[in-house]
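Throughout, residue positions are numbered sequentially from 1 according to the sequence presented.
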Amino acid sequence: MFSFRFSRNLQQLISSIKDSKTRGNFYVFLVQKPSSLISVSSLSNSPTTEDPSFTVSYLINSCGLSPELALLASKRAILKNHEKPDSVLALLKNHGFSKPHITKLISRYPLLLLADPEKTLKPKLEFFLGSGVTGPVMVKMLSSNPSLLKRSLTKQIIPSFDFLKSFVRTNENINAALRCSSQVLQLGLHGKLVPNISILRNHGVPESRILWLITTHPRTLTLMPDQFREVVKTVEGFGFDPLSSAFVNAVRVISVMSRSTWERKLEVYRRVGWSEDEILTAFKKQPMCMIISEKKLKRTLEFVAKELGTKASDVCRCPNVLLLSFETRIVPRCAVMQVLMSRNLIRKDFRLGWVMSCNELDFLRKFVTKYKEEAPEALVAYQEFNFAVLERFLLIRECCLMSQLMPMPFNN
């Protein structure tokens with residue numbers, strides 16, 4: 001933990017690094033003790049052994065780290081010279097790592113610059129590429145989770161990868177899983193992954209649903225088996241059908257929520273007028289409604305009730321509405337519907353779920369352009385609240401007219 005004095009000196013250090021350049025080299029001020037800053041001379045081409053000034057400069061100039069991050073990273077890895085780090089960076093570049101990826105990777109794992117590029121790093125990179133993992137997925141996976149490179153190739157990575165591949169089968173699915181989370185390769189196979197999959201199977205969850213969970217939300221399976229078993233039992237107790245997609249979605253939701261967070265979400269729903277049965281109904285239809293932030297949840301329910309004259313509890317029949325963007329979907333569409341209702345052009349008991357969930361083109365054709373003569377202000381309202389969306393629609397419409405493919409408007 002840095003003291004206040006050190007934090008203040010750190011800012012001075014950063015400014016010095018940014019401002020002090022002579023003939024392309026940095027004049028670096030090193031932190032020898034938390035209470036003092038000691039200046040050193042300009043970097044030479046042949047730094048002394050374990051010279052921290054060389055490390056800081058190398059991290060900035062060769063790896064793209066900011067002065068502040070370079071200083072912090074230099075406390076974790078001191079470079080003796082540029083030979084091995086240069087070889088590591090060359091290996092990464094040759095395997096598709098861009099400068100931003102390298103910056104992200106080294107800032108999180110500076111000790112990587114001290115690894116043996118041929119014996120330690122290259123075999124792991126070649127394994128992934130040779131096993132069906134695409135270059136972009138591998139780069140994203142390792143730059144986001146460099147700790148994977150610390151794992152043993154033969155004892156951890158290969159066994160975990162082979163198990164995952166045997167389960168998901170195709171290269172497409174393996175890439176989908178690793179794109180979402182590479183943590184699945186760091187799990188103890190017999191400690192977490194295998195037992196948790198068995199728990200799902202024992203509760204009657206189909207292989208296709210388990211496959212979906214692994215390839216889209218593998219972090220769900222990182223719980224200890226005892227915890228995971230309780231989550232599955234809780235979901236089952238709510239009355240979810242293990243054969244449905246909602247079951248694994250609910251498992252995903254509950255696995256990441258603490259009891260206190262769950263109770264806070266329930267209280268938000270209660271305050272806007274939902275009964276316990278309505279909350280359960282919404283959760284069973286769309287489990288993700290319990291992950292929405294409390295702020296967005298409250299704002300959406302209150303806005304819909306105020307602008308459309310509906311009860312907040314009416315949304316429980318179409319909880320997908322809660323997942324939509326408040327600014328680009330809820331607000332502009334409510335504005336249009338409010339105009340049409342005020343002109344008695346539509347019934348007030350319209351299908352809220354369909355109106356909010358249909359695609360932009362369908363909505364604009366059915367509720368905006370259709371009433372351009374009777375209610376031109378609907379277009380104005382939509383334009384005011386969502387000009388970017390309207391602009392895209394007009395472009396699509398123009399292209400359709402040019403190709404004589406503009407579809408007919410919907411009928412009542």
- Query: So, Phe161 versus Phe127, ring centres under 6.0 angstrom or not?
  - Reply: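 Yes.
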Nearest heavy-atom neighbours spanning [X] and [Y]:
X: Pro287; Y: Ala246; answer: CG-O, 3.6 Å
X: Ile214; Y: Ala177; answer: O-CB, 3.6 Å
X: Pro319; Y: Lys285; answer: CG-CB, 3.7 Å
X: Cys63; Y: Ile106; answer: SG-CG2, 4.2 Å
X: Leu111; Y: Ala77; answer: CD2-CB, 3.8 Å
X: Ala70; Y: Ile60; answer: CB-CG1, 3.5 Å

Heavy atoms of other groups near [X] [atom1], more than 12 under 6.0 Å:
X: Lys296; atom1: NZ; result: yes
X: Glu294; atom1: CD; result: yes
X: Arg108; atom1: CZ; result: yes
X: Lys165; atom1: NZ; result: yes
X: Arg351; atom1: CZ; result: no
X: Arg271; atom1: CZ; result: yes

Quick one: do [X] and [Y] make a salt bridge, cutoff under 4.0 Å?
X: Glu236; Y: Lys233; answer: no
X: Lys306; Y: Glu302; answer: no
X: Arg201; Y: Glu207; answer: yes

- Message: Would Arg209 and Phe247 count as a cation-pi pair here, with the cationic atom under 6.0 angstrom from the ring centre and within 45° of the axis?
- Response: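 Cation-pi check for Arg209 and Phe247: fails.
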So do the side chains of [X] and [Y] get within less than 4.5 Å of each other, counting heavy atoms only?
X: Lys372; Y: Leu379; value: no
X: Phe97; Y: Met138; value: yes
X: Val315; Y: Trp274; value: yes
X: Leu266; Y: Phe283; value: no
X: Leu322; Y: Gln286; value: no
X: Pro146; Y: Leu112; value: no
X: Thr103; Y: Leu69; value: no
X: Met288; Y: Val253; value: yes

How many angstroms lie between [atom1] in [X] and [atom2] in [Y], if you round to the nearest 0.5 Å?
X: Asp241; Y: Lys284; atom1: CG; atom2: NZ; result: 9.5 Å
X: Lys265; Y: Ile279; atom1: NZ; atom2: CD1; result: 12.5 Å
X: Met257; Y: Met290; atom1: CE; atom2: CE; result: 5.0 Å
X: Arg329; Y: Arg333; atom1: CZ; atom2: CZ; result: 4.0 Å
X: Lys84; Y: Leu113; atom1: NZ; atom2: CG; result: 10.5 Å
X: Phe228; Y: Ile199; atom1: CZ; atom2: CD1; result: 6.0 Å

- Polar side chain donor-acceptor pair, Ser144 to Lys104, under 3.5 angstrom: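 Yes, side-chain donor-acceptor contact under 3.5 Å.
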Is [X] reaching over with its side chain to a backbone N or O of [Y], donor-acceptor style, under 3.5 angstrom?
X: Thr220; Y: His217; value: yes
X: Thr55; Y: Ile78; value: no
X: Asn175; Y: Val137; value: no
X: Thr222; Y: Pro218; value: no
X: Asn173; Y: Thr215; value: no
X: Tyr58; Y: Asn81; value: no
X: Ser57; Y: Ser53; value: no
X: Ser143; Y: Leu105; value: no
X: Lys140; Y: Arg179; value: yes

- Task: Tell me, with the steps shown, if Asn249 and Phe240 meet side-chain contact (heavy atoms from CB on, under 4.5 Å).
- Result: CA-CA 10 Å; Asn249 243 327; Phe240 283 88; over 6 Å; no
- Mind running side chain to side chain donor-acceptor pair (under 3.5 Å) on Asn145 and Ser182 for me, showing each step along the way? CA-CA 7 Å; Asn145 183 20; Ser182 58; 2.8 Å; yes
- Relative to the ring of Phe367, is the ring of Phe363 parallel (under 30°), tilted (30 to 60°) or perpendicular (over 60°)?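 Judged by the thresholds at 30° and 60°, the geometry between Phe363 and Phe367 is tilted.
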- Might you work through the side-chain contact (heavy atoms from CB on, under 4.5 Å) test for Trp262 and Thr234, ending with a clear yes or no? CA-CA 13 Å; Trp262 176 267; Thr234 299; over 6 Å; no
- Item | Candidate pair Lys192 and Leu221, rule side-chain contact (heavy atoms from CB on, under 4.5 Å), full reasoning | CA-CA 7 Å; Lys192 291 182 178 179; Leu221 298 168; over 6 Å; no
- Message: As a quick check of understanding, evaluate side-chain contact (heavy atoms from CB on, under 4.5 Å) for Phe163 and Val194, giving each step before the final call.
- Response: CA-CA 9 Å; Phe163 174 82; Val194 172; 3.7 Å; yes
- Message: What verdict does the salt bridge (charged side-chain N to carboxylate O under 4.0 Å, His left out) test give for Glu276 and Arg270, after you've listed the backbone C-alpha separation in whole Å, the side-chain angles of each residue and the deciding distance to 0.1 Å?
- Response: CA-CA 8 Å; Glu276 301 297 321; Arg270 293 181 187 120; 2.6 Å; yes
